[in-house]
Amino acid sequence: MTSSSDRSNDVGVERSYEIRTYGCQMNVHDSERLSGLLEDAGYVRAPKDADGADVVVFNTCAVRENADNRLYGNLGQLAPKKAGRPGMQIAVGGCLAQKDRDTIVKKAPWVDVVFGTHNIGKLPVLLERARVQEEAQVEIAESLEAFPSTLPTRRESAYAAWVSISVGCNNTCTFCIVPALRGKEKDRRPGDILAEIEALVSEGVSEITLLGQNVNAYGSDIGDREAFSKLLRACGKIEGLERVRFTSPHPRDFTDDVIAAMAETPNVMPQLHMPLQSGSDRVLKAMRRSYRQERFLGIIEKVRAAMPDAALSTDIIVGFPGETEEDFEQTLYTVRESRFAQAFTFQYSKRPGTPAAEMDDQIPKEVVQERYERLVALQEEISWEENKKQVGRTLEVMVAEGEGRKDDATRRLSGRAPDNRLVHFTRPEEPVRPGDMVTVDITYAAPHHLLAEGPVSAVRRTAAGDAWERRNAAPAAKPAGVMLGLPTIGAPAAAPAPTGGCGCD
């Protein structure tokens, strides 16, 4: 292995880092924690236009069949760069690291650190130990060492934030490997969650998204079946918190008290992402999903009755082993009945280590592709029809950063409506910042966005916009968080530092 001690021993040299994130929102949030940990230990984020970083961290996902091929391909591309850059280190974490463990170092011996989903707080210690000992460090915890929210964080947005309320999952879906890698569900105490949200709001955050692998099962670990609806209502009492979202729920745990809490709490947004996966009862049983088509459509009906303007989205898998044309037609029927504003559609791919990967009657690729195209065409038609219903409505839109790829060319800005639809609007004459609110009239609808082509009728400057302005006007400050006693760069690391502790669909 190339020695990683050269540059880190230079007095006053700041080591840069880059994190490459794959997979779900939990991974995105974990990467914010990894950034916070590294900056707390003295690293600086590498500029986007920089020619590489001193430390490259892969936060991996194991959901897709070719996830490992993708990782090893990327690692292979970095090997010659590391050989020519003294002191460079490579770390691999996340779900694939939890699954493959020692295999990663065997296949890519130039990797310095491998860590799992349960011990992300150890990354700086492991990097330092690899530097001092000049050998790869592989440390995979079998259970959660500390709830991730106890760790320092470098949040990507000044105005919107993820807040994790639970980790792990108690479901046993046959296509999913997440429970094996993230462990059983562990809930965070409500007081800790609300304290974090209040702290975020005091810093200027005005929108939070509650995160969990099965977010509405929250409470099963602490013995309160109505804990999630109570949490939503408690969020409604936090002054300055304008928007509350959550992802991803499971139909099995979606109870009437949650629907009531959504409808009766003004800052809980009229948006629901409800994974369907399949509309066929037979396939749902094979998937080990603990609901059936009638139950799913019943939830949709109740949500629409309570919140007529709610936008619904979903996940659907096409071509699950054994899926017949009749099964697929049941999925199309459910999609027509549900009228989703958006659907994330996936062709089934084997997840190594899952029961479905070993099932008979794997569907031929060409059959899966043809069904997938029919589903996408149907959903595209429905999305467009549902968006056209928004034309003529007046909406308050939160200005977003980086949502509109063509904003500069079209002289527009972009943001999110309360139901999370993407809105492109005419740039107002007065300055607006990400996190500010604008009131616009919708004039045109496309399948995946809305347009407000007329003048903005109102601009509301917000504390969230102030927070964005502060972040972009001053050098990045050290992120707030529990101090872990982690070593700074160049400090001895003969033994890991203590990590503290507290109390993922």
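For clarity, every value in this text was computed on a predicted model and none was experimentally measured. Numbering of residues begins at 1 and proceeds along the displayed sequence. FYI, side chains are in, hydrogens and waters are out, and symmetry mates aren't considered; it's all heavy atoms of this structure.
Annotation for R245 and A417: closest pair NH2-O, 3.3 Å, computed over non-hydrogen atoms. Heavy atoms only, all atoms of each residue included: F340 and S383 are closest at O-OG, 4.1 Å. For the pair L232 and M262, the tightest heavy-atom approach, listed with the atom from each and the gap, is CD1-CG, 4.1 Å. The two residues C235 and V244 have their closest heavy-atom pair at CB-CG2, 3.9 Å. Summarising the geometry of T443 relative to G454, their closest heavy-atom pair is CG2-N, 4.5 Å, with the distance given to 0.1 Å. Between T60 and G93, the shortest heavy-atom contact is OG1-O, 2.7 Å.
Residue-environment remark: CD (E301) stays at or below the threshold of 12 foreign heavy atoms within 6.0 Å.
Put simply, CG on L413 and OG1 on T426 are 9.0 Å apart, with the number rounded to the nearest 0.5 Å. Between L378 atom CG and R336 atom CZ the span is 5.5 Å, to the nearest 0.5 Å. Note: I300 CD1 to S338 OG = 5.0 Å, rounded to the nearest 0.5 Å. From R421, atom CZ reaches atom CD of Q271 across 10.0 Å, with rounding to the nearest 0.5 Å. Distance check: E32 CD to S164 OG gives 11.0 Å after rounding to the nearest 0.5 Å. For the atom pair OG of S290 and CG of L284, the computed distance is 9.5 Å after rounding to the nearest 0.5 Å.
No side-chain N or O of Y22 forms a donor-acceptor pair with one of R20 less than 3.5 Å apart. The closest side-chain donor-acceptor pair between Q89 and R15 falls under 3.5 angstrom. In the model, T21 has no side-chain atom that pairs as donor or acceptor with a side-chain atom of N59 under 3.5 Å. In this model, a donor atom of one side chain and an acceptor atom of the other lie less than 3.5 Å apart for S220 and E185.
Using a 4.5 Å cut-off on side-chain heavy atoms (C-beta onward), R189 and I222 make no contact. Side-chain contact check for I165 versus V215: some heavy-atom pair is nearer than 4.5 Å. Looking only at side-chain heavy atoms (C-beta outward), L276 and D315 stay at 4.5 Å or farther from each other. Between P418 and P270, the closest side-chain pair of non-hydrogen atoms falls below 4.5 Å. When side chains are defined from C-beta on, R393 does not count as touching D441, because their heavy atoms never get closer than 4.5 Å. In this structure the side chain of R243 never reaches within 4.5 angstrom of the side chain of Y159, judged on heavy atoms. No side-chain heavy atom of L210 sits under 4.5 Å from any side-chain heavy atom of W162. Y17 has its side chain within reach of S35: a pair of non-hydrogen atoms, C-beta onward, lies under 4.5 Å apart.
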#### Entry: CA sep, side-chain torsions, deciding dist, call: Q293, Q330, side-chain contact (heavy atoms from CB on, under 4.5 Å)
CA-CA 9 Å; Q293 182 194 89; Q330 287 300 307; 2.9 Å; yes
### Residue pair F425, D407: steps toward the side-chain contact (heavy atoms from CB on, under 4.5 Å) verdict
CA-CA 9 Å; F425 57 91; D407 282 352; over 6 Å; no
### Task
Before giving the answer on side-chain contact (heavy atoms from CB on, under 4.5 Å), spell out for K406 and H424 the whole-Å C-alpha distance, their side-chain angles and the decisive distance to 0.1 Å.
CA-CA 10 Å; K406 300 179 181 178; H424 304 301; over 6 Å; no
#### Entry: Test side-chain contact (heavy atoms from CB on, under 4.5 Å) applied to L450 and L422, step by step
CA-CA 6 Å; L450 305 175; L422 178 62; over 6 Å; no
### Task
Kindly determine whether R471 and E203 satisfy salt bridge (Lys or Arg N to Asp or Glu O under 4.0 Å), including the steps that lead there.
CA-CA 11 Å; R471 173 181 283 197; E203 295 168 4; over 6 Å; no
### Task
Before giving the answer on salt bridge (Lys or Arg N to Asp or Glu O under 4.0 Å), spell out for D224 and K230 the whole-Å C-alpha distance, their side-chain angles and the decisive distance to 0.1 Å.
CA-CA 10 Å; D224 184 353; K230 292 174 184 176; 3.0 Å; yes
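In terms of modelled atom types and a separation under 3.5 Å, the side chain of S166 and the main chain of K186 share no donor-acceptor contact. Looking at N171, its side chain never comes within 3.5 Å of a backbone N or O of C173 through a donor-acceptor pair. T209 contributes no side-chain N or O that, together with a main-chain N or O of F246, makes up a donor-acceptor pair within less than 3.5 Å. Judged by distance alone, the side chain of N472 and the main-chain N or O of E469 form no donor-acceptor pair under 3.5 Å. Judged purely by atom type and a 3.5 angstrom limit, S313 has no side-chain atom pairing as donor or acceptor with the backbone of Q342. Using modelled atom types, no side-chain atom of S16 and backbone atom of V44 make a donor-acceptor pair closer than 3.5 Å. Formation of a donor-acceptor pair under 3.5 Å by the N387 side chain with backbone atoms of A445 is not found in this model. The closest donor-acceptor contact from the side chain of N216 to the backbone of H250 lies under 3.5 Å. No donor-acceptor pair under 3.5 Å is formed between the side chain of T265 and the backbone N or O of V268. The backbone N or O of G36 sits nowhere less than 3.5 Å from a side-chain atom of D40 that would complete a donor-acceptor pair.
We find that E386 and K389 are joined by a salt bridge, their nearest charged nitrogen and carboxylate oxygen being less than 4.0 Å apart. Using a cutoff of 4.0 Å between basic side-chain nitrogens and carboxylate oxygens, E401 and R433 are not scored as salt-bridged. The pair R45-E18 does not count as a salt bridge, with every side-chain nitrogen at least 4.0 angstrom from each carboxylate oxygen. In this structure, R416 does not pair ionically with E207, as no charged nitrogen and carboxylate oxygen lie closer than 4.0 Å. Residues D256 and K302 are paired through a salt bridge, judged by an N-O separation under 4.0 Å between the basic side chain and the carboxylate.
Qualifying salt bridge (charged side-chain N to carboxylate O under 4.0 Å, His left out) partners for R252, counting only residues two or more places apart in sequence or in other chains: none. In this structure, the salt bridge (charged side-chain N to carboxylate O under 4.0 Å, His left out) partners of D253, at least two apart in sequence or on a different chain, are R225. Applying the salt bridge (charged side-chain N to carboxylate O under 4.0 Å, His left out) test to E337 and every residue at least two apart in sequence or in another chain returns nothing.
Note on ring orientation: taking the six-membered ring where Trp is involved, the planes of H273 and F344 are perpendicular (angle over 60°, cut-offs 30° and 60°).
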